[in-house]
Trainee: 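Below is one structure. I have some questions about it.
The figures here come from the full heavy-atom set of this structure, side chains too, leaving out hydrogens, waters and symmetry mates. Residue numbering restarts at 1 for every chain, and letters A, B, ... go by the order of the sequence lines.
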Protein chains: 2
Amino acid sequence: MAGTTINHQMDFYSKYPKTLVAVDSIIFGFNQNDLELKLLLLKRNFEPAKGEWSLMGGFLQPDESLDDAAKRIVLQLTGLADVYMEQLYAFGELDRDPGGRIVSISYFSLIKINEYDRQLAKENGARWIPLSEIPELIFDHSEMVENALRKLRIRARTQPIGFELLPEKFTIPQLQRLYEAIYQMPFDKRNFRRKLLSMGLLEKMDEKEKETSKKGAYYYQFNKEKYEELLQKGFNFEL
Amino acid sequence: MAGTTINHQMDFYSKYPKTLVAVDSIIFGFNQNDLELKLLLLKRNFEPAKGEWSLMGGFLQPDESLDDAAKRIVLQLTGLADVYMEQLYAFGELDRDPGGRIVSISYFSLIKINEYDRQLAKENGARWIPLSEIPELIFDHSEMVENALRKLRIRARTQPIGFELLPEKFTIPQLQRLYEAIYQMPFDKRNFRRKLLSMGLLEKMDEKEKETSKKGAYYYQFNKEKYEELLQKGFNFEL
DNA sequence: CCAAAAGTGTTCATCGTACACCCATGT
DNA sequence: ACATGGGTGTACGATGAACACTTTTGG
């Protein structure tokens, strides 16, 4: 490919060495039934390390940006196109992949677990694995996961991203259970509710969720416009 | 270079497209005389964008890790080998560099401004530029700088990295001036001193600094061992 | 003796945290 | 009627923020 001109770009740098670049995606989901945060992992069906557990990944193509590659990878595995995603870190040790020298950039994605394409995931050999049961992963993927979890915990405290893991409408207890799963610790329900509602970002609906209790819990919706508006005024989300 | 085997690695991935990878370094320094945080920037002496201001950067070599490349780049410009450094972000837009498709990974470095090799920097066309006077930079380098500054501000609040920008021994007022430069706001000197000393990470010396005042201010040293020890016990640095 | 920077305590408001009881309803 | 999860208010301690005067000493 050396010498190919893309996008009307010049080619001033053709004498410099190129590197294989990959993108690996840590895909988080939350299932309200078993109350555990999960990762979408897959068994590699190619060499090296065929048959072992790994993250979903792929090589960066010459005509796509890093973000595009990350989107493509999640789309390929889940069928979802509009997914919350954040770049995490570039892993660049020489021997991180025994199959060749690869620089890999990790992204984490938060998906609404009820919306993904089960069929597609199955075809790719993917499975949802609870955090507590994550197996050994290939190469430095375990490090990527730890790193992602650390960042998720920081982000979830300071940005309203928990909602990305829940359906459009959700109840306060559901939201609390999500945060408890993320931080692996219990929260006081009065304090939790007060803090969240005090920010004025949740809109109460008339409808109740009646599956998990006889009394039923009111559904709420996250008001993104309101959040953007408050952001302008210097508001800081903080749990 | 395709097909080269490094480090006893196999070559399972030779059919995939490679990309040019660069590392760009945002180098911070602090000069106590003019009380401004500064960046080490250079005028590019090669095409494209020759003569314009940019960050120091370089291409990733096949036999070095990303971290190694970042170290090499800072060493080339400053002569310093042991520098605090942190990876920031991978920039991967297709058209970010008009000279060709490059994925660039940014790092920030904190250096003790009295220790760098002035001669070497000069030869490379580098200059220290105060934050308030940063010119237009090439490509997305301005974005990299903003990004670095944001991260530096977050880090300096939650990790004891300010000391990387000061000499081994420093006074409390000097440290305060540094933080005021980082956050571009004044701090209350009583609160500042109390909070820092209360962590027990600074060791008072007998010597006084007498350049900037007649009374003189005691020198302190940061006790790294103590910090590591406290870290184990769950301590969190927080300014 | 005076200018200039270093050093020192207290008060108040705010926020996080701990904690126990009533409510609604499906079975 | 009772079991189950939803919903509510208050008190206390800790922490961050504001604020003014004394000390030292070179010139």
Trainee: Can you give me the closest heavy-atom contact between B:L175 and B:F170, atom names plus distance?
Mentor: CD2-CE1, 4.1 Å
Trainee: B:K195 NZ to D:dA17 C1': how many Å, rounded?
Mentor: 10 Å
Trainee: Pick the nucleotide of DNA chain D nearest each of B:K215 and B:K189; which residue has the one closer to the 5' end?
Mentor: B:K189
Trainee: Rounding to an integer number of Å, can you tell me how far B:E209 CD sits from D:dT24 C1'?
Mentor: 14 Å
Trainee: Measure from CG on B:L239 to C1' on D:dT15 and round the result to the nearest Å.
Mentor: 14 Å
Trainee: Taking the six-membered ring of A:F30 as reference, does the cationic atom of A:R177 (NZ for Lys, CZ for Arg) lie under 6.0 Å from its centre and within 45° of its axis?
Mentor: no
Trainee: In whole angstrom, what separates A:R190's CZ from C:dC21's C1'?
Mentor: 9 Å
Trainee: Looking at C:dG9, D:dG9, C:dA6, which one has an atom nearest to any side-chain atom of B:S213?
Mentor: C:dA6
Trainee: Side chain of B:Y218 only, please: which of C:dG7, D:dT25, C:dT10 is the nearest?
Mentor: C:dG7
Trainee: Let's see if you get this right: which residues in residues 168-186 of chain B place a heavy atom under 4.0 Å from DNA chain D?
Mentor: none
Trainee: Nearest to the side chain of B:A217, which nucleotide is it out of C:dA6, C:dT17, D:dA17?
Mentor: C:dA6
Trainee: If you assign A:K214 and A:L197 each to the DNA chain D nucleotide with the nearest heavy atom, which residue ends up on the more 5' nucleotide?
Mentor: A:K214
Trainee: I'd like to know if A:K233 pairs up with A:E229 as an ion pair, taking the criterion as any Lys NZ or Arg NE/NH1/NH2 lying under 4.0 Å from an Asp or Glu carboxylate oxygen.
Mentor: yes
Trainee: Would you call B:K151 and B:E86 a salt bridge, using N to O less than 4.0 angstrom?
Mentor: no
Trainee: Evaluate side chain to side chain donor-acceptor pair (under 3.5 Å) for A:E180 paired with A:Q176, printing each intermediate quantity in order.
Mentor: CA-CA 6 Å; A:E180 289 176 338; A:Q176 181 173 346; 3.1 Å; yes
Trainee: Quickly work out the B:R193 CZ to D:dT22 P distance and round it to whole Å.
Mentor: 18 Å
Trainee: Output the rounded distance in Å from CG (A:L196) to P (D:dT8).
Mentor: 14 Å
Trainee: Rounding to an integer number of Å, can you tell me how far A:E211 CD sits from C:dG26 P?
Mentor: 13 Å
Trainee: In whole angstrom, give the distance that lies between atom CZ of B:F187 and atom C1' of D:dA18.
Mentor: 15 Å
Trainee: Evaluate the criterion side chain to side chain donor-acceptor pair (under 3.5 Å) for residue pair B:Q119 and B:E123; output intermediate values, then yes/no.
Mentor: CA-CA 6 Å; B:Q119 184 56 30; B:E123 283 166 14; 3.3 Å; yes
Trainee: Taking only distance into account, with no hydrogens and no angle test, what donor-acceptor pairs under 3.5 Å do side-chain atoms of residues 129-139 of chain B form with protein atoms, sequence neighbours excluded?
Mentor:
{"from": "B:S132", "atom 1": "OG", "to": "B:E36", "atom 2": "OE1", "distance (Å)": "3.2"}
{"from": "B:S132", "atom 1": "OG", "to": "B:E36", "atom 2": "OE2", "distance (Å)": "3.4"}

